[in-house]
Amino acid sequence: LIGSFDWNNVGRVFDAVKPHWQSGNCWLDMFGASVVNNTVATGRENSFDDKTYWGDDFYGIYGHTDALPKHKWDLYALLRDKSDGAAAGPARQIYTVGTRFATTEKMAPWDYWLEIAGQFGHIQGSGEKLFGETTDAWNDHRAYAGTLGVGYTCTHDWKPRLAIEYVYASGDDDPADGENETFDNLYPTNHKFYGFMDEFAWKNVHNPHLLFSVLPHKQVKIQLDENFFWLAEDRDAWYRAGQAAVRRDDTGAAGSFIGSEIDLTVSYIPHKRMKLLAGYSHFFTGVFVEDTGASSDADFAYAQMTVEL
């Protein structure tokens with residue numbers, strides 16, 4: 001839900017204030033933040049901190065505890081207050097309440113995790129006129145999302161690990177009913193969660209995910225991921241990593257299976273301040289893509305080097 005989007009050419013930056021409280025193995029963060037505008041993202045000169053064009057504020061409370069044996073538990077409440085719809089999607093006022101429960105390393109060789117989030121509020125649309133900052137009409141927003149996964153790491157020297165995960169985010173079953181049910185992915189770094197080709201976001205999706213990895217050397221990791229993607233609601237859109245809608249069939253007749261993606265990555269750390277990464281991905285199109293336009297499979301190959309100064 002919250003990330004720097006560091007796979008992009010220009011990462012996401014917040015201006016923020018964050019008090020922090022800690023006692024023993026529990027801590028609590030409270031924050032107020034505003035997304036920093038830049039002309040690279042908007043194409044609009046002299047728009048830095050221009051609230052008439054870019055009003056996107058973010059507030060939250062995030063708590064964490066390790067008090068449970070071999071487990072960690074997070075609770076959070078967030079508010080996105082975007083008062084202007086001229087850039088980066090419609091104006092909205094959305095509350096997100098969620099929890100994440102996961103194992104620590106002490107649970108090895110098993111690990112598992114669960115996260116659930118619900119949303120309510122309003123988003124720019126065709127309904128009533130709300131909020132003094134805009135004259136646009138608004139729709140009620142009600143949405144939810146979750147992820148559940150389990151993994152097992154063998155004691156072999158190569159530490160082979162197998163994991164399975166299921167990801168879900170609600171979609172809008174009727175675009176004309178005055179209610180928005182598409183989960184708002186907020187400010188994510190989606191690249192590392194839903195396939196490395198950046199074709200999906202945590203919005204209107206069913207996503208089973210399989211993962212297998214080995215460490216043939218302490219500095220080398222090989223990982224294979226397989227993701228399958230269905231629309232949660234056939235009449236809602238397919239959303240890419242940046243949350244933009246790619247395609248939509250308002251009738252729902254094109255079905256829900258978008259396709260599957262396989263990712264192979266190899267990482268090598270030759271020095272504590274350097275990391276090399278290479279990968280290859282292939283996307284297999286499904287019936288939804290075939291029935292709504294161009295439908296060729298896609299390939300993606302890359303190599304990168306990260307250096308910490």
Side-chain angles (χ1 to χ4, degrees), residues 1-3 5 12 14 31-35 51 53-62 74-100 115-147 167-190 193-194 200-207 229-250 252 256:
L1 289 173
I2 310 170
F5 199 30
R12 182 183 297 110
F14 296 89
F31 63 87
S34 180
V35 180
K51 291 296 184 180
Y53 177 71
W54 185 276
D56 200 349
D57 298 322
F58 190 42
Y59 308 93
I61 301 174
Y62 198 107
D74 296 351
L75 290 167
Y76 53 86
L78 311 170
L79 167 61
R80 183 178 188 182
D81 186 5
K82 187 176 186 299
S83 59
D84 186 84
R92 69 201 73 177
Q93 190 176 78
I94 292 177
Y95 298 85
T96 303
V97 179
T99 183
R100 180 175 176 83
E115 183 169 2
I116 301 173
Q119 294 182 332
F120 60 94
H122 298 87
I123 190 167
Q124 192 174 11
S126 58
E128 299 180 16
K129 294 182 179 180
L130 302 171
F131 313 138
E133 297 178 84
T134 178
T135 58
D136 292 311
W138 295 76
N139 289 340
D140 287 338
H141 177 84
R142 301 288 187 273
Y144 57 96
T147 178
V167 177
Y168 173 82
S170 64
D172 195 357
D173 61 358
D174 185 355
D177 66 358
E179 295 182 1
N180 182 69
E181 299 163 310
T182 305
F183 189 75
D184 188 339
N185 206 177
L186 299 181
Y187 312 97
T189 303
N190 282 329
F193 296 113
Y194 317 114
F200 294 88
W202 204 14
K203 299 170 73 83
N204 190 39
V205 69
H206 291 285
N207 170 210
F229 301 99
W230 284 263
L231 299 174
E233 296 292 342
D234 296 353
R235 298 179 63 189
D236 201 350
W238 159 22
Y239 298 92
R240 280 189 173 147
Q243 303 197 64
V246 183
R247 295 185 186 181
R248 182 195 301 266
D249 177 14
D250 290 334
S256 61

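All figures in this text were calculated on a predicted structure; none of them were measured in a lab. Count residues from 1 along the sequence.
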Distance-minimising heavy-atom pair for [X] and [Y]:
X: S256; Y: D234; answer: CB-OD1, 3.1 Å
X: G32; Y: Y59; answer: CA-CD2, 3.8 Å
X: A245; Y: A237; answer: CB-CB, 3.7 Å
X: K203; Y: A169; answer: N-CB, 3.6 Å
X: P175; Y: D172; answer: CA-OD2, 3.8 Å
X: D57; Y: S34; answer: OD1-OG, 3.2 Å

From the list Y168, W202, F120, ring-ring contact (aromatic ring centres under 6.0 Å, His included) with Y144 holds only for Y168
Examine distances only and state if a side-chain atom of [X] and a backbone atom of [Y] form a donor-acceptor pair shorter than 3.5 Å.
X: R92; Y: P90; answer: yes
X: Q124; Y: A91; answer: yes
X: Q243; Y: D184; answer: no
X: S170; Y: E181; answer: yes

The residue among V246, T182, V205, N185 that forms side-chain contact (heavy atoms from CB on, under 4.5 Å) with Y239 is T182
Q.
Quiz question: by atom type and distance under 3.5 Å, do the side chains of H122 and N139 form a donor-acceptor pair?
A. no
Please round to the nearest 0.5 Å and tell me the distance separating atom [atom1] of [X] and atom [atom2] of [Y].
X: L79; Y: I94; atom1: CG; atom2: CD1; result: 9.5 Å
X: E233; Y: N204; atom1: CD; atom2: CG; result: 6.5 Å
X: T96; Y: Q119; atom1: OG1; atom2: CD; result: 3.5 Å
X: L1; Y: F183; atom1: CG; atom2: CZ; result: 5.0 Å
X: R100; Y: T147; atom1: CZ; atom2: OG1; result: 7.0 Å

Does the plane of the ring in Y62 sit parallel, tilted or perpendicular to the ring in Y76? Use 30° and 60° as the thresholds.
parallel
Parallel, tilted or perpendicular: which one describes the rings of F229 and F200, with boundaries at 30° and 60°? parallel
Inset, instruction - Inspect the contact between R248 and D236 and indicate whether a charged nitrogen and a carboxylate oxygen are less than 4.0 angstrom apart. - result: yes
Got V35 and F58 here, is their nearest side-chain heavy-atom distance under 4.5 Å? no
Exercise for the section: Find out whether D174 and R235 are in side-chain contact, i.e. whether some heavy atom of one side chain is under 4.5 Å from a heavy atom of the other. Expected result: yes
- prompt: Is the F14 to F31 ring centre distance short of 6.0 Å?
  reply: no
